[in-house]
Number of protein chains: 2
Amino acid sequence: MSTIRDVARIAAVSTATVSRVINSPEVVSPETRNRVAKAMKACRYQYNALARGFVTQQSYTLGLIVPSITNPIFAESIRGVQDFAHREGYQALLGNSDYEYAKEARLCEVLRERQVEGLIITTTKLRGKVLRDLLDDHFPLVLLYSTVRKGPISAVGVDNFRGGYSATEHLIHLGHRRIAMLAGRFSFSDKSLHRWHGYKKCLRDHRIPYDPALVLQTQYALENGREGIKALLALEQPPTAVFCSNDFMAIGAMQGAREVGVALPEGLSIVGFDDMAIASYINPGLTTIRQPAYEMGRLGAEILLSQIKRRDGRPIHKILETGIVVRESTAGLTVCEPKRNSSLTSGKHV
Amino acid sequence: MSTIRDVARIAAVSTATVSRVINSPEVVSPETRNRVAKAMKACRYQYNALARGFVTQQSYTLGLIVPSITNPIFAESIRGVQDFAHREGYQALLGNSDYEYAKEARLCEVLRERQVEGLIITTTKLRGKVLRDLLDDHFPLVLLYSTVRKGPISAVGVDNFRGGYSATEHLIHLGHRRIAMLAGRFSFSDKSLHRWHGYKKCLRDHRIPYDPALVLQTQYALENGREGIKALLALEQPPTAVFCSNDFMAIGAMQGAREVGVALPEGLSIVGFDDMAIASYINPGLTTIRQPAYEMGRLGAEILLSQIKRRDGRPIHKILETGIVVRESTAGLTVCEPKRNSSLTSGKHV
DNA sequence: CATTTCCATGTAAATGTTTACATTTTTTTA
DNA sequence: TAAAAAAATGTAAACATTTACATGGAAATG
């Protein structure tokens with residue numbers, strides 16, 4: 001691979017001049033500029049951005065850690081981050097934590113070794129060594145899908161409490177009283193915890209007793225929704241509606257309900273969280289709480305880059321709006337409950 | 001940020017020794033090793049992997065370009081690439097081409113400037129300047145979701161022809177004769193082209209006349225499937241079955257069919273391609289051609305890294321197996337066709 | 001015409017590691 | 001115990017750029 005030196009030799013100028021035609025061509029005379037351009041072609045010169053980063057002490061790289069790249073909601077956020085970052089000349093090194101704190105920690109380490117200028121993390125543990133170390137070093141950092149609204153770390157997220165509240169309220173307005181929740185594990189996901197708080201508060205506001213048996217903590221995948229709903233429907237007093245911590249769980253729950261013969265939405269109303277693109281394409285269409293995933297990523301990148309530029313800035317916290325999207329997976333409580341229950345216990349349905 | 005030099009000074013050794021305790025600790029005496037370790041702690045030393053890459057001329061980074069990160073099938077492949085790459089100490093810089101050749105070209109450029117040691121690309125244009133340049137420079141390169149089985153570029157993919165053939169054959173065996181295809185645009189996607197060839201060949205083998213009116217080229221997203229199927233169902237002689245170039249289109253087609261009142265699967269059988277995780281969770285479950293997406297990514301990374309290690313190696317081509325996964329979105333031709341048609345033209349259905 | 005200003009270019013140091021080679025110290029061998 | 005071998009450490013150059021500063025010549029100014 002040829003270097004700036006080769007180009008300089010061929011064009012009979014100094015390396016400084018070559019560097020100048022690359023970085024500020026207007027400052028070098030047209031003739032030399034031309035000569036250098038030709039020399040570059042002649043030796044198939046390839047610019048080395050790493051070497052530049054090495055001397056300018058800027059890698060123009062940022063790190064991005066999400067729990068699961070296979071979840072389209074995070075994929076959208078990744079797009080948001082990349083779109084903004086690319087426009088500013090930055091690239092992103094992407095990592096999956098798989099909702100595991102150890103992987104998150106390891107990723108932080110290798111990304112920092114690679115001199116990322118900042119990190120965007122959807123963290124699995126808000127009070128862990130990872131974030132503390134980053135903070136101690138005043139390392140530019142933005143939390144995504146965050147629940148924090150103040151404190152030293154910049155963060156962008158949505159109002160999960162309110163999202164949980166709206167979801168539950170929607171179900172209550174439809175006449176439901178026995179409302180279950182399929183929640184992500186609170187220990188990995190403070191988001192899920194906040195949604196649960198919203199759910200509980202809404203029940204209380206409507207004088208519906210909270211029944212812990214109706215709340216199941218599991219993981220965020222399709223199969224967890226499927227198994228979770230089966231467990232709930234097998235209860236002595238099964239729910240007539242369920243609020244799921246994300247759309248995967250909700251879609252899993254739909255399938256699980258179908259498998260035990262519960263008709264949707266008559267036999268069970270389901271609300272999800274996220275509003276992934278596919279939510280309006282499944283049958284019945286999924287009622288869900290919309291999160292502006294792309295926008296969250298974009299904004300996260302914007303905040304991070306501003307933070308990188310002026311490292312003394314105050315932390316920024318942004319809470320984006322969610323909204324309930326009502327589709328066909330939720331319906332009023334019409335069917336006679338006892339009947340459904342008795343048929344459920346018999347284990348066969350139509 | 002403190003450097004190896006600071007550590008050396010504190011531990012009263014040379015920088016070479018510090019480097020040695022980092023890279024081959026066994027070669028330095030336990031006492032010095034200890035002293036150096038302490039010094040590192042003392043000045044909060046952070047290893048700079050970029051500086052190392054600079055001197056060793058290895059970035060331990062590879063570039064990965066996919067058409068759409070929001071498609072879970074590609075997300076799975078990304079995971080496959082990352083899992084293998086990380087194990088070998090590599091990181092991946094990820095880029096989205098959005099199925100646009102210009103973006104693909106631009107990404108190649110910036111990734112090469114960043115000294116990625118190799119590229120894994122799901123290309124949108126097999127015979128373009130991008131790949132030619134890469135090839136001319138003997139740049140380590142692996143094509144993913146590739147249709148090529150020979151030639152100078154390493155590639156891993158599936159047998160798209162056969163996939164298209166199986167999908168069509170399945171529909172024919174169910175009794176369908178009017179089988180449409182919702183295809184990705186052949187100009188961006190040679191995969192789609194090959195699937196179409198499989199589809200045509202299968203029709204011919206079963207003496208079913210090929211009707212170009214039943215083949216629609218569109219993009220790969222949900223809404224394209226939805227609109228596409230509506231166009232097809234509005235034909236004078238609508239299809240009774242449709243083979244879609246990916247699962248998004250198929251799921252979109254389901255929704256589109258529902259919207260014009262066609263019952264699934266009785267009124268229309270649908271076959272997808274990919275077998276994304278959600279395919280077995282929707283209703284009806286999607287019959288589709290399975291692609292080993294994760295494995296493809298993993299294998300691509302493996303081939304690329306082997307290529308990086310010995311750059312003289314012969315190109316490697318791997319064709320992975322697909323298989324049809326039969327679910328509920330396809331059914332035998334039972335309903336009387338004319339009846340459905342007449343009701344279709346009236347525009348209202350149950 | 002002498003001085004100042006400006007423009008274009010060159011010089012050389014700096015960035016944080018690794019590593020071939022050299023040197024010193026310790027251990028083994030005869 | 002001297003010589004040889006092995007182990008531990010040091011020296012310094014190299015990697016591809018950028019950039020502060022220097023330099024020389026041309027244009028502008030008095």
Side-chain angles (χ1 to χ4, degrees), chain A residues 1-40 43-61 89 109-117 137, chain B residues 1-40 43-61 89 91 110-117 137:
Chain A
M1 213 58 324
S2 59
T3 77
I4 219 180
R5 234 177 217 97
D6 302 309
V7 177
R9 192 170 32 73
I10 297 174
V13 295
S14 72
T15 60
T17 299
V18 179
S19 174
R20 276 188 280 256
V21 334
I22 294 167
N23 298 295
S24 39
E26 71 284 357
V27 92
V28 18
S29 79
E31 310 97 274
T32 7
R33 201 164 25 184
N34 245 298
R35 207 145 32 92
V36 170
K38 259 185 207 137
M40 282 175 162
C43 65
R44 304 183 115 259
Y45 171 70
Q46 268 270 335
Y47 184 69
N48 184 336
L50 251 44
R52 173 214 220 178
F54 185 44
V55 18
T56 62
Q57 301 284 74
Q58 288 192 278
S59 64
Y60 281 98
T61 306
E109 201 180 333
V110 320
L111 293 179
R112 288 195 70 183
E113 282 189 354
R114 276 160 183 274
Q115 310 300 109
V116 297
E117 293 181 34
D137 295 347
Chain B
M1 211 62 322
S2 57
T3 75
I4 218 178
R5 238 177 213 93
D6 301 307
V7 177
R9 192 170 31 72
I10 296 173
V13 295
S14 71
T15 59
T17 299
V18 178
S19 173
R20 277 188 279 256
V21 335
I22 294 167
N23 298 295
S24 39
E26 71 285 356
V27 93
V28 19
S29 78
E31 309 98 274
T32 6
R33 202 165 22 185
N34 244 298
R35 206 144 34 90
V36 169
K38 260 184 206 137
M40 282 174 163
C43 64
R44 304 182 115 258
Y45 171 70
Q46 267 270 337
Y47 184 69
N48 184 334
L50 250 45
R52 173 215 221 182
F54 186 44
V55 19
T56 61
Q57 300 286 76
Q58 288 193 274
S59 64
Y60 282 98
T61 305
Q91 290 287 319
V110 321
L111 293 179
R112 287 195 70 181
E113 282 190 354
R114 276 159 182 275
Q115 309 301 109
V116 297
E117 294 182 35
D137 295 348

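Throughout, a chain's letter reflects where its sequence line sits, starting with A, and its residues are numbered from 1. Computed from a predicted model, the values in this text were never measured in an experiment.
Between the C1' atom of dC15(D) and the CD atom of Q58(B) lies a distance of 13 Å, rounded to the nearest Å. For the pair I4(A) CD1 and dT17(D) C1', the computed distance is 6 Å after rounding to whole Å. One interatomic measurement links the two molecules: CZ of F54(B) to P of dT15(C), which rounds to 13 Å at whole-angstrom precision. Atom CD1 in I22(A) sits roughly 7 Å away from atom P in dT17(D) (whole-Å rounding). One interatomic measurement links the two molecules: CG of N23(A) to C1' of dA16(D), which rounds to 13 Å at whole-angstrom precision. One can place CZ of R5(A) at 12 Å from C1' of dT18(D), the figure rounded to the nearest angstrom. Whole-Å rounding puts the L50(A) CG to dT17(D) C1' distance at 11 Å. In this structure, M1(B) places its CE atom 21 Å from P of dA14(C), rounding to the nearest Å.
Considering only residues two or more places apart in sequence or on other chains, R9(A) meets the salt bridge (charged side-chain N to carboxylate O under 4.0 Å, His left out) condition with D6(A).
Using a 4.0 Å heavy-atom criterion, one finds that T17(B) contacts the sugar-phosphate atoms exclusively. Within 4.0 Å (heavy atoms only), Q46(A) reaches sugar-phosphate atoms of the nucleic acid but no base atom. Among the heavy atoms of the strands lying under 4.0 Å from A12(A) are primed sugar atoms or P, OP1, OP2 only; no base atom is included. Residue contacts shown for V18(A) are absent, as no nucleic acid heavy atom lies under 4.0 Å away.
The side chain of N48(A) lies closest to dA16(D) when the candidates are dT18(C), dA16(D), dT18(D). Distance from the side chain of S29(B) is smallest for dT9(D) among the nucleotides dT18(C), dT9(D), dT19(D). Checking dT18(C), dT9(D), dA16(D) against every side-chain atom of V28(B), the shortest atom distance belongs to dT9(D). Nearest to the side-chain atoms of T3(A) among the listed nucleotides dT17(C), dA16(D), dG10(D) stands dA16(D).
Under 4.0 angstrom from either OP1 or OP2 of dT18(C) there lies at least one side-chain N or O belonging to S19(B). Distances shown here put every side-chain N or O of T56(A) at or beyond 4.0 Å from the OP1 or OP2 atom of dT18(D). Under 4.0 angstrom from either OP1 or OP2 of dT9(C) there lies at least one side-chain N or O belonging to T32(A).
Both A51(B) and R35(B) lie close to DNA chain D; mapped to their nearest nucleotides by heavy-atom distance, the more 5′-ward contact belongs to R35(B). When each of Q57(B) and R33(B) is assigned the nucleotide of DNA chain D with its nearest heavy atom, R33(B) is the one assigned upstream, toward the 5' end. Where T15(A) and P30(A) meet DNA chain C, the nucleotide closest to each residue was compared, and P30(A) sits on the side nearer the 5' end.
The CE atom of M40(B) sits 11.0 Å away from atom CD1 of I10(B), with the distance rounded to the nearest 0.5 Å. Annotation: the span from I22(B) atom CD1 to I4(B) atom CD1 amounts to 4.5 Å, rounded to 0.5 Å. The OH atom of Y47(A) lies 5.0 Å from the CG atom of N23(A); values are rounded to the nearest 0.5 Å.
Checking T61(A) against R114(B) by side-chain atom types alone, a donor-acceptor pair falls below 3.5 Å.
Without hydrogens or angle criteria, R20(A) side chain to V27(A) main chain gives no donor-acceptor distance under 3.5 Å.
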